[in-house]
Each structure stands twice: as C-alpha cells, then as structure tokens.
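Quick notes on the structure that follows.
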Amino acid sequence: MKLANIRNFAIIAHIDHGKSTLADRIMEQTATVSKRQLSEQLLDSMEVEQAHGVTVKSRSVRNFYQADNGQEYEYNLIDTPGHVDFAYEVSKSLAASDGAILLVDATQGVQAQTVANLRLALKHNLTIIPVINKIDNAAADVAATEAQIRALRPEFADVTILKISAKTGENVHQVLEAIYQKIPAPQGKPDAPLKALIFDSQYDSYQGIIADVRLIDGTLKSQQKLQLMQGGSIFNAQAVGIFTPDMKPVKELNAGEVGYIVTGIKDIASVQVGDTLTTAENPTKNAIPHFKPAQSMVYAGFYPKGDTSYEALKQAISKLALNDSAFHYTPEQSEALDAGFRCGFLGIFHLQIIQERLRDEYHVEVLTTAPNATYHVYLKQPQPKQEYLTITNPAKFPDFSEIDYVTESYVKAVITTPNEYLGAVMKLCDQHFGEMVDLDNQQDLVTLTYKLPVSEIAYDFFNSLKSITHGFATLDTEFLDYELVDVVKIQIQINYAAVDALDIIVPRQKADLIAHKLVKKLKYTVPRRLYPMPVQAMVENKSIARVDVPPLRKNAAVNGEKRSISKKQQLLRRQSLNKRQAVKSDIKLPQSVFDAILNIN
Ligand code: GDP
Ligand code: MG
C-alpha cells in the first residue's frame, strides 16, 4: 500500500463511551471480520478484560477500506485502555498513531477522561476527529454534547462534528470517510534505510519474542538481517505480519505501516519497548527518540505460593514483563518468605491485573506483600559514592539510629471532576497530605492539580475518588520529585520473632493508629498455634501495640494442673520462647495476613 493511502489512528474516550463498540463496527463495515465472527467487544479478549469489563492492553488491527472516492485505504486502528494505571499503554498507542477519534457519549456529554485523553493526544500532535456517539439512545442530548465539545478547544468551534450510533452502525460510514479526509498519511521515506519503532511485545514459547512495530522509513521483510539499535542484538526476521485482529503473515511491511515481527529471540531482556529496529547491513543514522520508560509508582513483593515453584514464577514474571513494559521486577530474598521478587507497578489496579494475568495466563499462584512507595534514605554516615539509599522494600529500610532524613516520591496528580464534587475532592486530597498547585474551570468541569505523596495515593485513593464523585472524576498522575517526609518503620514481631515481610513504612503521626489497627487485624489472621502467641508492632525498638493470638486449644503442659494464673502464663511464655527458633522458620503466612495491611487505612 502506498504511504498516501495509509492512516494510523486511535480511538480515545471516557470509559464506556463506546470505543470498543466503534472498533467492532469499523472492523465489520470494512469487512475485516465477518458479522458471524464478530463476537461483541472482539478486542477485549484477555480473561482479565472480560472479568473487569475494561480494556487493559492496547491492540492494533489493520482494516482495508473502499472509500467513496474510489480509492482503497489501509486503516490501522489501535484500541486503547481507559484506567489511569494504563495511561502508559495509551501513550504507547498514541506514539504509533497520526490521528485520534475522540468519542463522546451523547447521554453523558464531555467527561473527565474525555478531557484527560484529549490532552494526551494533543501532546502527541495528533489530528483529532470529534464524534458524538449513542444518538440512538432516548436519553441522548446531542445538542448539549455538541456545545460542550466545541467549547473544549478553539479549533473545534467550526469543525464538523459527526453524530453516530456505534451500536446500530448509523453514520459510522461518515467516520470511515472522515478518517482518510482528516487524518494525515504517515510521513516516511520508503526508500530510506529501515527505521521502525517497537511499541509492544509478547512472548511465544515456539516463536520467541514477537514485537509490535510501527515503520517510520524503509521496508521490513522476513529473513532480513536486523538489529536493535539500543539493545544491540542482531537477528534474522523469522516472519512479519499484521493483526486482522488475528496474526496474519505478510510478505513485507512498508514505511508508515503497523504490524508485527517474529524475532525468534528467546532472551527476554534483549527486546525493549521503545527501541529502534533497523537493518544490520544498512542501518539508519538516527534512532527514534526514546520514549520515557514507565516509572514504577508502587512496589510489592511477589512470592511463590501453593504448588508454584520459584522457577515457574520467575518464568511467568519475565514473560509477562515483556508484554507489559510498565511492569518491572528484580529478585529478592525474604527471611520469612524465602526467594521471590520485588515488583514495580503504575498503581494498585495495575498490581491486581498483573496478579490475575499470572494466574489466568501462566497458571502460577502468587503471594503478594503489602505495597509501598519509594524512599530515599540519607544516612548520618553516608556510604562512599552514594548520597542516599533507594528503598523499594521496607525490609531494607535502615535502622532509625543510622538515618539522617528521608525523602519520598511525590506525584503531580491531575484530577478532572464535575463542579459539584469540587469540595469533596479537595477534602480528600487534604486528608492525603495533598498540596494544591492549580485549579482550572471549564464549564461544568474543574481540573485540579495537586502534589501528593505516592504512599498516600497508592492504596485506595483512586477508589475513594471514584466513590465520592460517583465515578465521574478522573485521575492522571505523573512522577514529580522527592520531598522530605517524617516516616517510621513498623516492624511486626510474631512470638518475639521479627517477620521482615510484614515491615511497613508509615508517617510518624499515623504510626500509633496504624500499629493498633494492624495488630488487631493480625490477631485474627495469623495462623494459631497450640500456645498463645504475642503479636507486637515495634517502632524504633519500642513495642507500641500488642495483642495475643489465642491458642488453638488449651495447652497440655499446663492443663489440669492447679497453678496460679501468673504461673501458667509464665510457663506458656517460656514454652513459646523455647520455640522461637522454630517459629521463625516454620510460620506460614497466608495471603490474608498481607491483605490485613493493605486494608488498614
Ligand atoms: P468503551 O469502554 O469506551 O470501550 O465502551 P464500550 O464499547 O465497551 O461500550 C460501553 C457500553 O455502551 C456497552 O454496553 C455498549 O453496548 C454501549 N454502547 C456503545 N455504543 C453505543 C451506542 O451507539 N448506542 C447505545 N445505545 N449504546 C452503545
Ligand atoms: Mg473498551
């Protein structure tokens, strides 16, 4: 296909405004898939996507369109997710697109994510086609929605705004016509040396790494000798192809096109999203500017559970990381849990999705420790060549006597909410130590910019925000910097033995409250023994909260003997002290113990 007849575009919208439904209609009306094949929401094929009703992965599909002007066009459509934890997926899709369809539900009008995604698309210099959806719905207010869209940007004041029903297909033909008329053809030099962006990848046990590519210049053929400019690997392309949406091999991919390449590479670490692919014989002069790697916001430990072995977990994690470049991991060792991994995520929902994908796609069971933020710890006696220690695992937090001061990662949080919830949102941010930076009014919506500590938004902030705004607000976060914080480590001792996997870092002013809540929760989640076990929360070597886990049943050693209560207790204590060694190594912590920490706030 010649460059002039190719269009690469994404569909962006607030959640449930009809992205996936419009993608289905486009595939149907271009006869990419037949009506019979078209199960609903064809692109949301992952189990987690069906379970949560959300799109998690972006997906690209090539469609051929016979236009009214007699020409044939190649439409590469990229479906994108909506949740903030997957904004990285959205920006990867936008990096591979030249335009975007901005879809707005006529029954709801412009919503927070409409504004947030439009902002993201403009950052990538995309041409925007605004479209009003769900005109078939009796509750649709097309005129009001149109007025809202026009007010979004001065450029929208006099553009045509299409009015469609993605469900019935009404006027979808107008969208198909607008795509080639409005969105520019990709720029690129077909005769220049090969230059392609790797914007996604997945692992296949037979074929090795399969990478999604967007060609900038040149041609990509199977059996070509290729090289990765950053990773350095040189390999032969095993096959190239397109998504229809199933994988379909083609002879070659050309400048401007989107498709996949089977690399045959089995070493997972050698193919990185964002790398530039070129030929080994005639490489391009300049690599594509690297797009910012995703920065992990929260960390948690992953440990094998049940029948899953460490090796199996390692295999699964490394393959999944390849398919989700926003997910990071490094091996770690815990006294309580043995060998596992410290994993980095963009947020708690991201963590949950990864856990479910490990279960659904790789059949491994994972024990997850309580998530935490990143800390920079400045020591009184700094180590040579190291200004501070970067702590992503609370167990590695140094003893308080060695610490000079601590800084924590902060994010810039952009929250867009309907006007009526402004007060509630400001209150929520206050409660989480937020500092307002900016407030911007657009008709019925307000966009608030706050500076917030990551540990404060890592847990339930997003859910609280959704619930106080009845689901209408959106949250967009971006790493800002590290700021001074006053935090302490709470260490949990079970039966006088420290359990490193339960360490948490909390603000000093909340330590007492959290410690008390925590030991109370642990009282009912720590597996019982034959003898009572004290559970203590220690801060800076002092026990600040304590409960006793009741014994399974009365202990034989003291049962039936006529001793005073205090004698009995003394004996029990001695008994458990004797078992200290055993306790340290054989106590099996169930997932519920870690969930108790997660639910503490
Ligand atoms: P996404 O989250 O943006 O991908 O939205 P979906 O495509 O999953 O659509 C959300 C819901 O809106 C689904 O129940 C669709 O059936 C429904 N929907 C989508 N388009 C239309 C439309 O044009 N008219 C009506 N009445 N419903 C629609
Ligand atoms: Mg969808």
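Please read all numbers here as calculations on a predicted model, not as lab measurements. Note that ligands are numbered from 1 as they come in the structure, with each ligand's atoms numbered from 1 the same way.
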Requested in this report: Check each atom of ligand 1 against the heavy atoms of D136 and keep those under 4.0 Å away; list them by number with element.
Outcome: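 Those of ligand 1 that fall under 4.0 Å from D136 are 22 (C), 23 (O), 24 (N), 25 (C), 26 (N).
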
Query - Heavy-atom closest contact (V110 atom, Q148 atom, distance) - result: N-OE1, 2.7 Å

Query raised in the report: Which heavy-atom pair separates I6 from A255 by the least distance, and what is that distance?
Result: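 I6 and A255 have their closest heavy atoms at CD1-O, 4.0 Å.
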
Query raised in the report: Taking the minimum heavy-atom distance to atom 15 (C) of ligand 1, which of I135, D16, T21 ranks first?
Result: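 Answer by nearest heavy atom: T21.
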
Query raised in the report: Hey, looking at atom 28 (C) of ligand 1, which of E170, K134, K19 has the closest heavy atom?
Result: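 Shortest heavy-atom distance from atom 28 (C) of ligand 1: K134.
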
Report task. Before signing off on this row, confirm whether I164 and ligand 1 have an N or O atom pair separated by under 3.5 Å. Result ->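 No, no N or O pair falls under 3.5 Å.
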
Report task. Consider every N or O of A166 and every N or O of ligand 1, then say whether any pair is closer than 3.5 Å. Result ->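 A166 vs ligand 1: N/O contact under 3.5 Å present.
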
Query raised in the report: With a 4.0 Å cut-off, would you call D105 and K19 a salt bridge?
Result: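 No, no charged N to carboxylate O under 4.0 Å.
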
Requested in this report: For ligand 1, indicate whether the residue A13 contacts it via side chain, backbone, both or neither (heavy-atom separation under 4.0 Å).
Outcome: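 Looking at A13 and ligand 1, no heavy atom falls under 4.0 Å.
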
**Report entry** Heavy-atom side-chain proximity of F341 to L313 below 4.5 angstrom
**Finding:**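 They are in side-chain contact.
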
Query raised in the report: Are Q238 and T263 close enough that a side-chain donor and a side-chain acceptor fall under 3.5 Å?
Result: no

